[in-house]
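Report on the structure given below.
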Amino acid sequence: ILKKSGIESLQITGNISDGGHQWTMAKINGKWYHFDPTWDDPETKLSNAETPLHLNYFALPDDVIYLTRTAHSPELMPEAYNLDENYFVKNSLVLADLSSESLSAVARRSANLSGHIAMLCSLSVYNAILEDSSYLWLLVGYVADDASNISYVYDDNLKTIEIFYK
């Protein structure tokens, strides 16, 4: 699809913890990024059929993608070193501190009609949220004050947290 759309791309083969794997690199606005739609498949995260598409593995640089995999021939691949087109960065969904202004802004930018908030966190924020679940309720409270149930998934490699609320 990418090549037919005129986007320069490569299929990458390598390994993940439980065997062989394949993902894509694509050149966007003159810079290379890694994309893994398999790992962004919502059915692999939660069994809820209404789970929205995940974009954790969308436009990642080498140092981040290689936290979870190795490529068979990295010396033949272009260098990917940028986060400019990353979903979280491009949509201002990076939570760097726990101030009420930052929490509110990320929650409001991320919230959608399906009851889902997604964010990329700094290491300290990520650890604080996982240690104190009241931050999850606080984030949901900015967009749905009548939510009665929340669940969440997190990615220890990428430091992303996704909250689902009803």
Side-chain angles (χ1 to χ4, degrees), residues 1-2 12 14-19 21-26 28 33-70 80 82-166:
I1 293 173
L2 291 170
I12 308 300
N15 291 308
I16 55 175
S17 61
D18 59 353
H21 192 65
Q22 188 173 28
W23 66 98
T24 302
M25 287 188 79
I28 309 294
Y33 300 91
H34 295 267
F35 297 84
D36 192 339
T38 304
W39 278 30
D40 280 335
D41 179 1
E43 296 304 312
T44 63
K45 301 285 182 179
L46 294 175
S47 60
N48 180 350
E50 297 176 13
T51 302
L53 176 67
H54 298 272
L55 295 166
N56 293 357
Y57 289 85
F58 184 91
L60 294 177
D62 292 340
D63 62 333
V64 176
I65 200 78
Y66 292 139
L67 292 171
T68 58
R69 67 209 61 214
T70 57
N82 201 292
L83 278 169
D84 290 352
E85 299 297 328
N86 176 269
Y87 170 77
F88 296 102
V89 172
K90 193 138 182 125
N91 290 287
S92 299
L93 300 175
V94 178
L95 190 55
D97 66 71
L98 292 169
S99 68
S100 58
E101 295 82 17
S102 295
L103 291 167
S104 172
V106 166
R108 284 178 169 53
R109 280 196 229 55
S110 177
N112 60 41
L113 297 176
S114 64
H116 175 247
I117 297 172
M119 72 204 87
L120 172 67
C121 303
S122 69
L123 178 60
S124 61
V125 167
Y126 179 82
N127 290 333
I129 291 173
L130 293 184
E131 288 172 14
D132 182 355
S133 64
S134 67
Y135 287 113
L136 300 170
W137 283 101
L138 186 58
L139 283 156
V140 170
Y142 286 116
V143 294
D145 55 6
D146 61 342
S148 60
N149 186 21
I150 66 170
S151 60
Y152 65 98
V153 293
Y154 57 92
D155 186 314
D156 272 334
N157 291 307
L158 300 179
K159 306 302 182 244
T160 57
I161 299 174
E162 296 177 81
I163 308 168
F164 305 90
Y165 57 90
K166 292 182 182 185

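Because the structure is a prediction, the values reported are computed rather than measured.
V140 approaches I163 most closely through the heavy-atom pair CG2-CG2, 3.6 Å. Nearest heavy atom pair, residue A80 against residue M25, reads CB-CE, 3.8 Å. The heavy-atom pair separating Y33 from A59 by the smallest distance is CB-CA, 3.6 Å. Residues C121 and I129 share a closest heavy-atom pair of SG-CD1, 4.3 Å. Taking both residues in full, the closest heavy atoms of Y165 and A111 are given as OH-CB, 3.8 Å, listed atom of the first, atom of the second, then distance. The two residues V64 and L158 come nearest to each other via the heavy atoms CG1-CD2, 3.1 Å.
The CG atom of N157 sits 15.0 Å away from atom OH of Y66, with the distance rounded to the nearest 0.5 Å. Atom CZ of F88 is separated from atom NZ of K159 by 13.5 Å, given to the nearest 0.5 angstrom. I28 CD1 to N82 CG: the interatomic distance, rounded to the nearest 0.5 Å, is 12.0 Å.
Within 6.0 Å of atom OH in Y142, more than 12 heavy atoms from other residues, nucleotides or ligands are found, so the atom counts as buried in its surroundings. Annotation: L123, atom CG; neighbour count of heavy atoms from other residues, nucleotides and ligands within 6.0 Å is above 12.
Side chain of N86 to main chain of F58: a donor-acceptor pair is present (N/O by atom type, distance under 3.5 Å, no hydrogens or angles). Between the side chain of S110 and the backbone N or O of A107, no donor-acceptor pair lies under 3.5 Å. Not a single donor-acceptor pair under 3.5 Å links the side chain of D132 to the backbone N or O of A128.
Side chains of L83 and P61 form a contact here, defined as non-hydrogen atoms less than 4.5 Å apart. Counting heavy atoms from C-beta outward, D155 and E162 have side chains that stay 4.5 Å or more apart. Residues V89 and V94 have side chains in contact (heavy-atom distance under 4.5 Å, counting atoms from C-beta outward).
The side chain to side chain donor-acceptor pair (under 3.5 Å) check on Y126 picks up D156, with sequence neighbours excluded. For Q22, the side chain to side chain contact (heavy atoms under 4.5 Å, CB included) test picks out Q11, T13, with sequence neighbours left out.
Screening I12, D36, L2, I1 for a side chain to side chain contact (heavy atoms under 4.5 Å, CB included) involving T24 leaves a single residue, L2. Checking L136, V125, L95 one by one against I161, the side chain to side chain contact (heavy atoms under 4.5 Å, CB included) holds for a single residue, L136.
Side-chain contact of N56 with T160: a donor-acceptor pair under 3.5 Å is present, judged by distance alone.
A parallel orientation is assigned to the rings of H21 and W23, their planes being inclined by less than 30° (bins at 30° and 60°).
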